[in-house]
Number of protein chains: 2
Amino acid sequence: MLNSGVRQAVTRKDVARYAGVSTAVVSYVVNARPKKVAPATEARVREAIKLLGYQPNGAARALKLGSTEMLGLVIPDSSNPFFAELSHALENSANELGYAVLLTNSNGSIDKERKHVQSLSSRGVDGLLLASIEPQPDLERFKESGVPTVLLNRHEPLPGLASIGVDLVQGARTAVDHLISHDHTDIDLVMGTSPVASVDGREKGWRQALTEARLTEGTVHRAAFSRRGGYEAGQRLITARKPPTAVFASSDTQAAGVLRALHEAGLQVPQDIALISFDASSESEYTWPALTAVRQPIHAMAAAAIETLLRRESAGENEHTVFPTDLLIRRSCGCAPSASNDVFLPTSATKT
Amino acid sequence: MLNSGVRQAVTRKDVARYAGVSTAVVSYVVNARPKKVAPATEARVREAIKLLGYQPNGAARALKLGSTEMLGLVIPDSSNPFFAELSHALENSANELGYAVLLTNSNGSIDKERKHVQSLSSRGVDGLLLASIEPQPDLERFKESGVPTVLLNRHEPLPGLASIGVDLVQGARTAVDHLISHDHTDIDLVMGTSPVASVDGREKGWRQALTEARLTEGTVHRAAFSRRGGYEAGQRLITARKPPTAVFASSDTQAAGVLRALHEAGLQVPQDIALISFDASSESEYTWPALTAVRQPIHAMAAAAIETLLRRESAGENEHTVFPTDLLIRRSCGCAPSASNDVFLPTSATKT
DNA sequence: ATGAAAGCGCTAACAC
DNA sequence: GTGTTAGCGCTTTCAT
């Protein structure tokens with residue numbers, strides 16, 4: 001009838017016996033709750049804990065309390081620089097509040113994403129952080145599992161679910177407007193593709209900026225959200241009859257690929273073709289030339305996501321928080337910043 | 001006395017009642033074990049499960065079974081490209097075997113690393129994957145917690161603990177030998193710094209290759225394992241009285257920094273200074289020029305780590321597995337590969 | 001200030 | 001083939 005005591009050799013019972021108290025008292029000192037314990041008793045218990053090398057059993061605690069103090073994280077690809085930085089920031093924020101995070105990759109598969117959500121829910125996570133690849137995640141799924149959820153990297157409100165993201169349209173407009181201020185009139189777009197069709201805010205912003213400046217619309221080069229995708233788009237871009245003089249890329253990784261294609265063709269950036277990217281993850285600072293990029297406030301978003309999730313555990317608000325972006329001026333746009341980097345547009349977060 | 005039934009509204013008991021069976025039967029069908037169930041009964045149970053939206057409670061299962069089917073991962077920085085790729089591969093491998101992974105970052109702090117090990121152990125992980133920043137991790141700590149552990153990114157055997165890594169010395173020698181074959185005689189080293197002093201295998205390999213070729217030793221530039229570190233090292237390197245004609249960098253990220261410094265100084269790679277880096281993470285393919293790099297077989301190592309860890313749960317062997325590296329020839333070394341990338345040294349893993 | 005005991009949801013040995 | 005039930009380690013109410 002015994003469980004194979006492989007690991008949990010020492011339980012609170014052993015500690016209690018060793019310290020000559022009841023198991024309840026051990027609990028009181030370990031949690032400093034809900035009762036006070038006499039200093040002398042407490043000392044004996046602590047002594048016993050240290051001596052026996054006692055470690056509370058998380059599973060038992062979770063079962064009793066109904067809370068695992070774990071958060072589930074589902075992202076497309078944790079090795080992609082943007083998501084790598086985001087998940088790092090999320091882990092740090094969660095950790096500060098005593099929460100551990102279960103990391104899962106959907107690897108671009110909707111089916112895998114669903115399985116992970118389900119599995120994390122079954123593991124009893126206290127909350128779910130989901131960077132979904134579905135433009136319209138099935139709400140019922142979440143209601144059912146009942147796990148508080150916040151959607152990451154989500155750029156439009158989704159009624160019924162909390163979400164956090166950036167103003168894609170505004171960010172793109174800032175970038176394209178900047179290119180226009182450098183007197184460019186032929187501005188192409190390298191746009192990432194998501195599994196399901198729907199117009200990305202970056203595409204809208206690019207188009208809006210062009211329209212307002214009464215410029216003719218450039219070409220949209222669709223490619224995967226990856227360095228390779230950008231590389232292929234870059235190759236297509238320069239072999240057009242009339243290549244653009246400037247390009248806006250929907251992510252840093254794509255821009256890195258575009259850069260490679262341009263270099264291989266012997267083209268100079270920004271002289272022959274100027275380039276601005278989106279995200280401003282740390283890799284964008286070390287490309288050649290360094291990328292001017294629309295920056296997402298990753299750390300602030302991560303902190304807000306955790307905060308929203310944990311607050312939601314009690315209250316159940318479903319707001320969409322939009323963070324502003326700034327334009328980080330470096331070399332690829334044609335500017336020659338004097339010394340350090342300049343930053344535009346430092347506005348604050350808004351809620352919907 | 002009731003637990004606040006916030007989430008786990010529906011338990012196996014509800015399912016049993018609804019299907020008109022006992023709780024044991026529900027267990028049998030959910031786990032397909034340890035008893036057979038009549039097809040008709042099974043169908044009724046599955047029906048009830050679906051209808052009620054029943055999800056097994058992981059904490060209860062873990063408590064009963066003494067296994068959480070979770071693995072703990074402790075790494076210095078999950079946003080560093082190398083560790084990002086490693087943790088991605090680890091998560092994938094673990095997931096295939098039904099294990100979830102708890103990700104934690106030590107952020108370069110030994111204290112944090114210890115806290116995470118302790119916390120993961122307390123959460124009852126079935127195994128620990130640890131990329132320690134300590135050159136000599138305290139063995140007692142692990143014996144005590146009793147969690148099967150494998151050390152990652154570990155390049156020398158550590159008696160008493162399983163570990164996995166790459167032959168740093170050999171990898172570095174291959175790189176430096178290659179530089180020598182390009183007729184370089186002044187080859188500097190950009191070496192990452194770890195918190196505690198101890199000679200890294202890459203430094204040894206660099207020195208050995210130089211010595212065997214009867215070349216005078218170049219300068220060692222110590223810098224952080226980061227793009228910024230590499231950048232600073234690169235700046236120092238080119239302002240020396242007699243700059244080298246070739247450089248071996250101990251990581252891709254550092255090489256990216258070196259590249260930036262060289263570009264800023266108007267130096268050509270490989271013409272003015274040739275460069276080879278270590279890791280060959282995916283970012284090394286998209287720098288300009290693309291980096292020739294010593295490649296670590298990240299996926300194979302991840303798979304082996306998981307396999308070792310899970311096998312160790314029963315048997316308790318403590319071997320050190322060394323993986324071979326290859327030299328991925330691209331442009332930064334001075335080669336002009338015809339079409340695709342060439343790969344050297346495809347040998348197989350060895351155990352100690 | 002301390003202790004006894006119930007019970008969280010699940011598994012599996014054992015009885016039928 | 002199915003049901004009964006003990007018990008995993010913990011928290012906390014209630015009694016002392």
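Treat the numbers as computed from the prediction; the structure is a model and nothing was measured. Letters A, B, ... mirror the listed sequences (proteins, then strands); counts begin at 1.
To the nearest 0.5 angstrom, A/Thr308 atom OG1 is 12.0 Å from A/Met301 atom CE.
The side-chain contact (heavy atoms from CB on, under 4.5 Å) test applied to B/Leu52 returns B/Val10, B/Asp14, B/Val15, B/Tyr18, not counting sequence neighbours. For A/Lys115, the salt bridge (charged side-chain N to carboxylate O under 4.0 Å, His left out) partners at least two apart in sequence or on another chain are A/Asp111. B/Glu42 meets the salt bridge (charged side-chain N to carboxylate O under 4.0 Å, His left out) test with B/Arg46; sequence neighbours excluded. With sequence neighbours excluded, no residue forms a side chain to side chain donor-acceptor pair (under 3.5 Å) with A/Arg123. Not counting sequence neighbours, the partners of A/Ala303 by the side-chain contact (heavy atoms from CB on, under 4.5 Å) test are A/Ser93. Remark: A/Ser163 engages A/His320 in a side chain to side chain donor-acceptor pair (under 3.5 Å) (not counting sequence neighbours). Residues passing the side chain to side chain donor-acceptor pair (under 3.5 Å) test with A/Ser78 are A/Asn105, sequence neighbours excluded.
Not one side-chain nitrogen or oxygen of B/Arg61 sits closer than 4.0 Å to the OP1 or OP2 atom of C/dG9. For C/dC8, neither phosphate oxygen OP1 nor OP2 lies less than 4.0 angstrom from any side-chain nitrogen or oxygen of B/Asn57. Residue A/Thr11 has no polar side-chain atom (N or O) positioned under 4.0 Å from OP1 or OP2 of D/dG9.
One can place NZ of A/Lys36 at 12 Å from P of C/dT2, the figure rounded to the nearest angstrom. One interatomic measurement links the two molecules: CZ of B/Arg17 to P of C/dG9, which rounds to 12 Å at whole-angstrom precision. Counting to the nearest Å, the C1' atom of D/dA6 and the CG atom of B/Leu63 are 13 Å from each other. Spacing between atom CZ of A/Arg12 and atom P of C/dC8 amounts to 16 Å, rounded to whole angstrom units. One atom, NZ of A/Lys64, and another, P of D/dG9, lie 15 Å apart when rounded to the nearest Å. The distance between atom CZ of A/Arg123 and atom C1' of C/dG9, rounded to the nearest whole Å, is 16 Å. Going from atom NZ of A/Lys13 over to atom P of D/dC10 covers 11 Å, rounded to whole Å. Separating the CG atom of B/Leu65 from the P atom of C/dC10 is a distance of 12 Å, rounded to the nearest angstrom.
You'll find the side chain of A/Arg311 reaches within 4.5 Å of the side chain of A/Glu307, heavy atoms only.
Of all the residues in residues 37-44 of chain B, B/Val37, B/Ala38, B/Thr41 reach under 4.0 Å from DNA chain D with at least one non-hydrogen atom.
Summary for the helix from C/dA1-D/dT16 to C/dC16-D/dG1: the axes at its two ends, each from 5 pairs, differ by 40° when rounded to the nearest 10 degrees.
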With the criterion being N/O to N/O and under 3.5 Å, what pairs connect the protein with nucleotides 14-16 of chain D, and how long is each?
| residue | atom | partner | partner atom | Å |
| --- | --- | --- | --- | --- |
| D/dC14 | N4 | A/Lys35 | NZ | 2.6 |

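Listed by first and then second residue, the salt bridge (charged side-chain N to carboxylate O under 4.0 Å, His left out) pairs involving residues 154-165 of chain B are B/Glu156-B/Lys204 (not counting sequence neighbours). Every pair tested for salt bridge (charged side-chain N to carboxylate O under 4.0 Å, His left out) that includes a residue from residues 84-107 of chain B fails, sequence neighbours excluded, so the list is empty.
Using a 4.0 Å heavy-atom distance criterion, B/Val21 is classed as a sugar-phosphate-only contact.
For B/His88 and A/Asn107, the side-chain atoms include at least one donor-acceptor pair closer than 3.5 Å.
Distances from the side chain of A/Ala24 to the nucleotides D/dG9, D/dT4, C/dG3 place C/dG3 closest.
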